[in-house]
Amino acid sequence: MRTYTLDAGAAQPVRESGFLADLNPEQRRVAEARGGPLLVIAGAGTGKTRALTYRTAHLVHQGTPPERVLLLTFTNKAAREMIDRVARLVPGEARRIWAGTFHAIANRVLRQHADRLGYGTNYGILDPQEARDLMEVVVTDTVPDLTARRFPKREVLLSILSSAVNTDRTLQRVVEADHPDFIPLLAQIDQVITAYLGAKLEMNVMDYDDLLVNWRLLLEDHADVQAAYSERFLHVLVDEYQDTNRLQAAIVRLMSSHHRNVMVVGDDCQSIYAFRGADVRNILDFTGIFEGAEIHRLQTNYRSTPQILAVANACIRHNRKQYEKTLSAVREDGELPAFVALADGDQQACFVAQRVLELREEGVGLASQAVLYRAHYQSMELQLELQRRGIPFVIRSGMRFFEQAHIRDLLAHLRILFNPLDRLAWTRVLRLQDGVGNKHATAIFLGLASTGDPWAALDKDVVGPSLPARARRGYEKARTLLLELGRPDLTGNPAAMFDFLLDRFYEAHLRQSHPNADQRVEDIRQLAHFAGQFTDYQQFLQELALVESISAEDVTGSKGGDEKLLLSTVHQAKGLEWDAVFALHLADGQFPLRRAIQTDEGLEEERRLFYVAVTRARKELYLCFPQWGNDRDQRRILQRPSRFLAELPHTRADLLETWRINPS
């Protein structure tokens, strides 16, 4: 065999990427950085996406074949936007870049090589509902008696499996740490999950987690495949690296192992998704994993005023595990952020509602303002106040507090007491019990209603004897619960009614049915506290009915019905920005949350959340502190300001302007 070598010709001169003139010096150094491992620490509002996009365009412009560039993002939208920008800078080249989410690229790779893992290359992908349906079938086939003990629902089982996969923990460690109630069922859970994994392979289907798991297995267990891809991609670029989990970090390492030209961009100070499996150690340990890594920092902030950045810089310095950086502002000086001391949650709601309207009159539209909070329940009083005043609002990626399923479940019990002919409330309450589905719930309600006095029929147990055994057991539990709930000592104390329902059955129901049970329990405890201000449950329900009937579509004098104030948790607000931001419930135990600060790692993530909240604001920032709150037993307590405020320098007057509220 003869080998024929092509003459490469004279070396081509390096072409100047003229578009790099659009960048500031920090961004340009990133775009033009040499090869090898590169870590870009990109502070909030510093043009991270711009730097990454121009880096990609510069590589292509300098002669890197586009198909040998891999760009990994966290959303398909981000990938499309980056490729569109690259296409404007280097027309005709960008479409050949491998760009997409980890899952999208995994699917692209596995379509070529799934047979190496025992799948056909025509495998199907289960959407979340299909995964739940398959898990339910597997549980039915695997667990002989689901009535002997409360077995975790399919959503919880899938959450346990996903957590184990994405955090690189064993099943046992996940159950012990996150679901201790199910430790006695560990052997059965293991059996069910093993059967679920086998069923997917037999059906030639994968769920979303499998795409990443199998991509990693393919690279680790098949050296030729790993070599082919790591040699193919001259450059691997990763966006939002602080949000990667252990599995994704391993894939990045494997895909870049040959050329070692890997650039990751992110901000360790905005790593706030540990509950999803994100591991801040991936970015903190990058220079240890990738020997010789070069670090770049983007610290020029285009979003916020110097006064807002001063608060952000001062607060985040208290995190010990971080890459130090100081954000500097391009914007001109603005107002000092306001520290607003308020009596309680109700006064906080009144203040925010009034100030929102004042800002609107000053030219800051509702859509340019946002209210941020640590947990969804903390917006409850504000939602009611906004509805009372007719101020339109939208909740980002979430339901209004009183529309959430777990809140409606418990309100349905009270609604039956208030109106025993409420068929929807009966159906909701009955279906919470094992053995009662739609068919039996309908039969029970019709049987009770046919007597003309459903409550009396419930007390006399008119319906129970005619039901099949399993449905009768579920009905009897609901019946006993409702009759006890109707005692005068409870109906005259709405807070106690919610505590009673939670303690008697609903907390156990949540832990069996929902992976985020702790958050839902906390919502209900806060609902109980709110209900405690009413003299009886009827007054409480009437107040809810009143505010729910108000149409909050327009503000008086509004120009444009689409203008709405945004309410959001800090988690859902990451990546967004507004002219004016209100941060609620900045009291210790509320922000940071009490349950989230049991470890140093938890406290540092809470501080990063506060940093994210502060850096969402462009011009005005209001830090709201209600002085009175309630403890877990619904007792009114005097609160301390959030430690994140207390940690600010003693010369706090240089950072914050204190507002005192003068009640009308």
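Predicted model only: the values in this text are computed from it and were never measured.
With contacts defined as side-chain heavy-atom distances shorter than 4.5 Å, the pair Thr305/Arg618 does not qualify. The side-chain heavy atoms of Pro626 and Gln639, taken from C-beta on, include a pair separated by under 4.5 Å. In this structure the side chain of Phe582 reaches within 4.5 angstrom of the side chain of Gln369, judged on heavy atoms. Side-chain contact between Thr300 and Leu327 is absent, with no heavy atoms from C-beta onward closer than 4.5 Å.
The stretch residues 340-354 participates, sequence neighbours left out, in these side-chain hydrogen bond (donor to acceptor under 3.5 Å, both in side chains) pairs: Asp344-Arg636, Gln348-His585, Gln354-Glu358.
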Requested in this report: List the steps and the verdict of side chain to side chain contact (heavy atoms under 4.5 Å, CB included) for Arg643 and His318.
Outcome: CA-CA 11 Å; Arg643 65 189 67 190; His318 289 270; over 6 Å; no
Requested in this report: Please test Lys48 against Glu240 for salt bridge (Lys or Arg N to Asp or Glu O under 4.0 Å), starting from the C-alpha separation and ending with a verdict.
Outcome: CA-CA 9 Å; Lys48 164 186 68 68; Glu240 302 284 11; 3.4 Å; yes
Query - side chain to side chain contact (heavy atoms under 4.5 Å, CB included) between Phe339 and Phe625, intermediate numbers included - result: CA-CA 7 Å; Phe339 169 71; Phe625 163 57; 3.8 Å; yes
Requested in this report: I would like to know whether Tyr241 and Asn282 meet side chain to side chain contact (heavy atoms under 4.5 Å, CB included); could you show each step before the answer?
Outcome: CA-CA 8 Å; Tyr241 196 67; Asn282 291 342; 3.9 Å; yes
Requested in this report: Please report the C-alpha distance between Val614 and Ile316 in whole Å, then the side-chain angles of each, then the deciding distance to 0.1 Å, and finally whether the side chain to side chain contact (heavy atoms under 4.5 Å, CB included) criterion is met.
Outcome: CA-CA 11 Å; Val614 169; Ile316 202 62; over 6 Å; no
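In summary, the side chains of Ser568 and Gln572 do not present any donor paired with an acceptor at a separation below 3.5 Å, with no hydrogens or angles considered. Side-chain atoms of Asp523 and His376 form no donor-acceptor pair, as typed in the model, at a separation below 3.5 Å. Side-chain atoms of Tyr323 and Arg297 include no donor-acceptor pair closer than 3.5 Å. There is a side-chain donor-acceptor pair under 3.5 Å between Tyr377 and Gln590. A donor-acceptor pair shorter than 3.5 Å can be found between the side chains of Asn24 and Tyr302. In this structure, a donor-acceptor pair under 3.5 Å is present between the side chains of Asn516 and Arg520.
At least one donor-acceptor pair under 3.5 Å links the side chain of Gln27 to the backbone N or O of Thr46. Looking at Asn245, its side chain never comes within 3.5 Å of a backbone N or O of Asp279 through a donor-acceptor pair. The main-chain N or O of Tyr611 is never found under 3.5 Å from a side-chain atom of Arg616 such that the two would form a donor-acceptor pair.
In this pair, Phe534 and Phe530 present their aromatic rings perpendicular. The plane angle is above 60°, beyond the 30 to 60° band.
Of the candidates Lys619, Glu577, Arg331, Arg303 forms a side chain to side chain contact (heavy atoms under 4.5 Å, CB included) with just one, namely Glu577.
Shown here is Gln539, whose CD atom has more than 12 heavy atoms of other residues, nucleotides or ligands within 6.0 Å. Within 6.0 Å of atom CD in Glu324, 12 or fewer heavy atoms from other residues, nucleotides or ligands are found, so the atom counts as exposed in its surroundings.
The shortest non-hydrogen separation linking Ile272 to Val570 is CD1-O, 4.5 Å. Here the shortest heavy-atom pairing between Glu381 and Gly345 reads CB-O, 3.9 Å.
Comment: Glu601 engages Lys321 in a salt bridge, judged by a side-chain N to carboxylate O separation of less than 4.0 angstrom.
Judged by the 6.0 Å and 45° rule, Arg276 forms a cation-pi pair with Tyr273.
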Under 3.5 Å, which donor-acceptor pairs link side chains of residues 76-87 to any protein atom two or more places apart or in another chain?
unit_1 : atom_1 : unit_2 : atom_2 : d
Asp84  : OD1    : Arg95  : NH1    : 3.3
Asp84  : OD1    : Arg95  : NH2    : 3.0

